[in-house]
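The next block holds one structure in the form of structure tokens; read it before the comments.
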Amino acid sequence: MQREYKPHLGKNISFIRELREMKQSTLAMELGISQQSVSSIENSAEISEERLEQIANVLAVDKQVIINLSKQHLLNQIVENVQNSSTLHFNAVEKIIELYERLLIAEKHR
């Protein structure tokens, strides 16, 4: 009997937040909660649908990215966000490559 995979949403949020080089305190400020609350969320396997939507909006990813943490989906979201940004202050291709390399390194350490 195959066990159903349940993602640890908090770990996925932490992973995406770190990829975006965002501190817990920044995420907390954007959500209007304390840094300790963000820490608690990142240690929780399950998160309410409403909170998940809020976090996804702040992290600028679809909530399915958090739920599924698909490398391809995440990269597609990053590329889309970079392409839609009108105030780029960096070379988009270099940034995507850097994020992908960090994603691969982080995946090896999981």
Side-chain angles (χ1 to χ4, degrees):
M1 184 163 105
Q2 189 175 10
R3 214 172 79 181
E4 183 182 333
Y5 170 73
K6 286 194 90 170
H8 190 289
L9 297 178
K11 287 181 182 177
N12 292 355
I13 288 167
S14 175
F15 182 71
I16 295 167
R17 177 184 55 75
E18 290 172 3
L19 276 177
R20 298 185 74 59
E21 298 180 348
M22 180 184 288
K23 293 182 178 187
Q24 280 186 342
S25 58
T26 304
L27 180 57
M29 184 180 67
E30 293 289 330
L31 294 171
I33 61 177
S34 69
Q35 183 272 324
Q36 291 81 3
S37 294
V38 170
S39 180
S40 179
I41 289 169
E42 290 183 353
N43 286 312
S44 300
E46 296 181 6
I47 298 165
S48 73
E49 188 74 20
E50 181 181 347
R51 182 63 78 191
L52 186 61
E53 284 282 349
Q54 294 169 340
I55 293 168
N57 286 334
V58 171
L59 294 175
V61 296
D62 187 276
K63 72 178 182 179
Q64 290 303 313
V65 172
I66 296 172
I67 294 168
N68 299 322
L69 195 59
S70 160
K71 287 189 280 187
Q72 188 59 48
H73 196 177
L74 180 59
L75 286 173
N76 289 344
Q77 285 283 312
I78 292 169
V79 168
E80 183 179 317
N81 289 340
V82 167
Q83 289 173 341
N84 291 337
S85 175
S86 61
T87 58
L88 293 179
H89 299 292
F90 55 84
N91 182 314
V93 174
E94 288 177 11
K95 188 66 172 177
I96 291 168
I97 291 169
E98 175 190 334
L99 288 171
Y100 184 70
E101 288 171 347
R102 290 177 51 205
L103 178 66
L104 291 175
I105 290 167
E107 189 70 22
K108 288 179 186 178
H109 295 296
R110 287 184 125 201

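Remember, predicted model here, so these are calculated numbers, not experimental data.
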Value for CG (Asn57) from CD (Gln54), rounded to nearest 0.5 Å, stands at 8.0 Å
Rounding to 0.5 Å, atoms CD (Gln64) and CG (Leu52) come to a distance of 8.5 Å
Working note: Val65 + Leu59, criterion side chain to side chain contact (heavy atoms under 4.5 Å, CB included); need CA distance, chi angles, decisive distance, verdict. CA-CA 10 Å; Val65 172; Leu59 294 175; over 6 Å; no
CD1 of Ile16 to CD of Glu42, rounded to nearest 0.5 Å, is 10.5 Å
Taken to the nearest 0.5 Å, the spacing of Leu31 CG from Thr26 OG1 works out to 10.5 Å
CE of Met22 to CE of Met29, rounded to nearest 0.5 Å, is 9.0 Å
Correct closest heavy-atom pair for Ser44 and His8 would be O-CE1, 3.4 Å
- Task: Without swapping roles, check the side chain of Ser48 against the backbone of Arg51 for a donor-acceptor pair under 3.5 Å.
- Result: yes
*Counting only N and O atoms by type, is there a donor-acceptor contact under 3.5 Å from the side chain of Ser40 to the main-chain atoms of Gln36?*
no
Distance col, row Leu9:CG vs Ile66:CD1, nearest 0.5 angstrom, shows 8.0 Å
Taking C-beta and beyond as the side chain, do Ile33 and Val38 meet within less than 4.5 Å on heavy atoms? yes
Sequence neighbours excluded, the answer for side-chain hydrogen bond (donor to acceptor under 3.5 Å, both in side chains) partners of Ser34 is Ser37
For Lys11 and Ser14, what are the C-alpha separation, side-chain angles and deciding distance, and is it a side chain to side chain contact (heavy atoms under 4.5 Å, CB included)?
CA-CA 5 Å; Lys11 287 181 182 177; Ser14 175; 5.5 Å; no
Heavy-atom nearest pair, Ala56 first then Asp62, reads CB-C, 4.2 Å
Should we say atom CD of Glu50 is surrounded by more than 12 heavy atoms from elsewhere, each under 6.0 Å from it?
no
